[in-house]
Each structure stands twice: as C-alpha cells, then as structure tokens.
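Here is the structure we will look at.
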Amino acid sequence: MTHHPTHHQSTRGEPRVALVTCSRFADLYPDDRLVLAPLAARGVTVEAAVWDDPRVDWAGYDLVVLRSPWDYAPRRDEFVAWAATVPTLVNPADVVRWNTDKRYLGELAAAGVPTVPTSWVAPGDDWVPPSTTGRYVVKPTVSAGSLDTGRYDPADPTHRDLAVAHVRRLTAAGRTAMVQPYLDAVDTAGETALLFVAGPDGLTFSHAIRKGAMLDGPDLGVEGLYRPERIDPRTPTGEQSAVAERVLAEVPGGPQRLLYARVDLIPGPDGTPVLIELELTEPSLFLGHADGAAERLADAVLVHLARR
C-alpha cells in the first residue's frame, strides 16, 4: 500500500497558515490578533501576509485565510486575479469574485432570499432620484467599510443634487451604483450580524453582534478604510437565524466550502429580517465580542487544514 504524505505537512511539521491583510494593518487588525494564541495552542504556525506584497510565497502555506485586505475596493480586478493564484485560499477565489461585487444581492433576491430592494445604475445609465417619501442610500457595488456610501432625503433639494452628483461620481469612474431604501429600523434596532464558522459538518453558528446605524447623511468622503462602528453582543431571534440559513444555502458551490460567513440583517418595513449584505471575503468577525469566538475560528482553521 503506497503512503502519500498529506500536502507539505508531514514533511514539515506544523501546518503554516497565512492571515491575509493590507499594508495599513500589516501586523493584523487588533480583533484578528485574538486568533493567534488559539492557533498557536493548536500547533499551527501563523503569519500575517499583505495580499499585494510580491515577496510573499503563497504556495508555501497550507492554508491562506482572508482577513483584512480592506484596500482592495479601488483595485478589485487586481485583487480577484490575485485570489485566483492562491490555491489554498479561504474563502475560495470564485466566492471572492462573486462576493466582492454587490450585484450578488440581485441573484439572492431572484432566488427568493428576502433582501433590501435594490436598483442598479451602470456607467452610461441615466438616473433620476426616487420621488419616494422615505430616505434612500447610494453606494457602489464594489466597496469595503461603508466607503463611498451616503444617505439622502428626497424632500431636501440639496440632497437631491448631492445624490445625483454621488451617482455621477461613481459611474464616471466606471463603477456601478446601487440605490436602496434606507430602512428606518436600523436607527432603533440596528443591524444584526450573524457569524458562522466551519465545523466538521459544514458552517455552524458562532455568535452575533448588533451594529448601530452608521449613515448620517450624504457621502462627503470618509478618511481611512472604514467607518467606525458601535458594536454590542446580540442573541439572534429564530426568524433571523432562519433567514441567515436561507442566505447561506444560496452561496455558489455551497456553504460547506466556506471557512466563515457573516450575514448582516436589518428589519424590513414589516419587521421581518432582510439581508443587507452577505460578507464572505473580508468581514470583521468581532472575535472580541463573544466568549470562545477566537477558539471557534481556530477550530474552523483546523477543519480546513484537515481537508487538505
């Protein structure tokens, strides 16, 4: 019987894992650092690696875990092309390509998933601000950290002009804009993020948090890579958990391939949860907001190492 050594591991001892970041957080974002000790305790050698650093030998790792490459949005094509060159990437490169353009929300809506109603404005399209009574949100289909995102009031003529300028700014840069109603419940209930990590039988629920409302008006530019958020622990309702499971069931290739997933929900006009975003590429995991979350992520890494 021929014995095949598993990948590099048996010849090299400890499995090596890269946590992918950007140059701004070359030593990892503080929340992601919480997984370092649990991984070391499980016999994993772990290193931070900047995604666009040409010196990194990605093939030298047993697993490459996307964490905080938050500067990719202006260079999405380059980022997606890089992802395709990393065979041990999680989440996988095809998921990254699908998930880094928010047009995936249209696919999920077509599959019957309750999502925030969205209209799309491609470069070259004419756009007239909605004449609805409620406030609305304009953002690009490719963004990270709520950048280039604004909230507008249709009753305010200045907002109308700013919204038109915002859409024009995006489409003139070759980007597709998306327009959604602003769900007022976010001001009171906030946004609920449900976090899932890989277990032996596929994705399992880890923890949930509440995010406070972030958008306070038109997009006038944000310094940095993300907007600051107010985070609190939260226990999801049965209804929220059921919607999250429906969302994950529609992930191309199936949710069992994922290392982690974050499902962001907001109460719709009738109070039922709707999907605002499905984060499969570089979500904050809020490990510091739930006991055992970092350990569960470390165990998820072991699940994926065992598969390889």
Side-chain angles (χ1 to χ4, degrees), residues 16-41 44-58 60-86 88-93 95-97 99-100 102 139-140 142-149 191 193 195 197 206-207 209 211-212 214 221-231 258-262 264 277-290 293-298 300-301 304:
R16 289 180 72 221
V17 170
L19 299 183
V20 179
T21 183
C22 57
S23 54
R24 165 98 182 268
F25 298 109
D27 294 323
L28 299 176
Y29 187 65
D31 189 68
D32 287 327
R33 295 187 66 80
L34 298 175
V35 78
L36 297 178
L39 282 171
V44 174
T45 300
V46 60
E47 294 163 15
V50 174
W51 74 271
D52 57 353
D53 181 346
R55 297 165 302 180
V56 178
D57 173 23
W58 300 105
Y61 293 103
D62 298 287
L63 200 66
V64 175
V65 179
L66 286 165
R67 283 312 318 120
S68 49
W70 292 332
D71 58 356
Y72 78 82
R75 297 182 284 157
R76 175 183 173 256
D77 291 349
E78 185 187 332
F79 181 67
V80 166
W82 163 80
T85 68
V86 185
T88 58
L89 190 71
V90 281
N91 286 331
V95 171
V96 169
R97 186 187 319 110
N99 187 241
T100 48
K102 292 184 180 65
K139 57 185 169 185
V142 178
S143 72
S146 295
L147 297 188
D148 301 310
T149 300
E191 200 173 299
L195 291 117
V197 294
S206 171
H207 59 290
I209 56 96
K211 280 202 279 184
M214 285 192 296
V222 178
E223 290 300 311
L225 291 176
Y226 58 90
R227 288 177 190 257
E229 301 171 319
R230 185 192 155 120
I231 307 299
L258 305 178
L259 176 69
Y260 52 69
R262 194 181 100 198
D264 295 347
E277 206 160 319
L278 168 61
E279 300 250 18
L280 304 178
T281 304
E282 30 62 42
S284 296
L285 296 176
F286 308 113
L287 301 176
H289 291 272
E295 288 74 17
R296 288 189 287 276
L297 180 60
V301 168
H304 275 264

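Every value quoted in this text rests on a predicted model; they were computed, and no experiment measured them. Numbers here simply count residues along the sequence, with the first being 1.
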Exercise for the section: List the atom of V96, the atom of A83, and the distance in Å for their closest heavy-atom pair. Expected result: CG1-CB, 4.3 Å

Exercise for the section: For residues V56 and V50, determine if any side-chain heavy atom of one lies less than 4.5 Å from a side-chain heavy atom of the other. Expected result: no

Exercise for the section: Enter the distance from L39:CG to L297:CG here, rounded to the nearest 0.5 Å. Expected result: 7.0 Å

Practice task
Mind listing the closest non-hydrogen atom pair of S206 and V197 along with its distance?
Solution key: CB-CG2, 4.2 Å

Problem - Closest non-hydrogen atom pair, L36 against L19 - result: CD2-CD1, 3.9 Å

Exercise for the section: Side-chain contact test, heavy atoms from C-beta onward, threshold under 4.5 Å: evaluate it for S68 versus D32 and give yes or no. Expected result: yes

Handout entry: side chain to side chain contact (heavy atoms under 4.5 Å, CB included) assessment of L89 paired with W58
Key = CA-CA 9 Å; L89 190 71; W58 300 105; over 6 Å; no

Exercise for the section: Indicate yes or no for a side-chain donor-acceptor contact from D71 to the backbone of C22 under 3.5 Å, with no hydrogens or angles considered. Expected result: no

Problem - Partner set under side chain to side chain donor-acceptor pair (under 3.5 Å) for T45, not counting sequence neighbours - result: E14

Practice task
Please tell me if the side chains of F286 and L34 come closer than 4.5 Å, counting only heavy atoms from C-beta onward.
Solution key: no

Handout entry: Pairwise distance NE2(H304) to CG(L63) - rounded to 0.5 angstrom
Key = 7.5 Å

Problem - 4.5 Å side-chain heavy-atom contact, R296 and L287 - result: no

Handout entry: Exam field: side chain D148 to backbone P140, donor-acceptor pair closer than 3.5 Å
Key = no

Problem - Atom of V64, atom of Y61 and distance for their closest heavy-atom approach - result: CG2-CB, 3.9 Å

Practice task
Answer whether the closest heavy-atom distance between the side chains of E282 and L66 falls below 4.5 Å.
Solution key: no

Completion exercise
Hits for side chain to side chain donor-acceptor pair (under 3.5 Å) against E279, two or more places apart or cross-chain, chain-then-number order -> R262

Exercise for the section: Measure the spacing between CG of D264 and CD1 of I209 and express it to the nearest 0.5 Å. Expected result: 7.0 Å

Problem - Contact check, side chains of E191 and E277, non-hydrogen atoms, under 4.5 Å - result: no

Exercise for the section: Check whether any side-chain heavy atom of L285 lies under 4.5 Å from a side-chain heavy atom of R67, and answer yes or no. Expected result: yes

Practice task
Answer yes or no: is there a side-chain heavy-atom contact under 4.5 Å between W70 and R24?
Solution key: no

Exercise for the section: Measure up the Y29 and F25 rings against each other and bin them: parallel (under 30°), tilted (30 to 60°), perpendicular (over 60°). Expected result: perpendicular

Problem - Ring center gap for W82 and Y72 short of 6.0 angstrom - result: no

Handout entry: Main-chain N/O of S143 paired with R76 side-chain donor or acceptor, under 3.5 Å
Key = no

Problem - Shortest non-hydrogen contact between V142 and A73, atoms and distance - result: CG1-O, 3.7 Å

Completion exercise
All heavy atoms of A48 vs all of A26, minimum pair found to be CB-O, 3.4 Å

Fill in the blank from the handout: salt bridge (charged side-chain N to carboxylate O under 4.0 Å, His left out) pairs touching residues 45-56, sequence neighbours excluded, are R16-E47, D52-R75, D53-R55

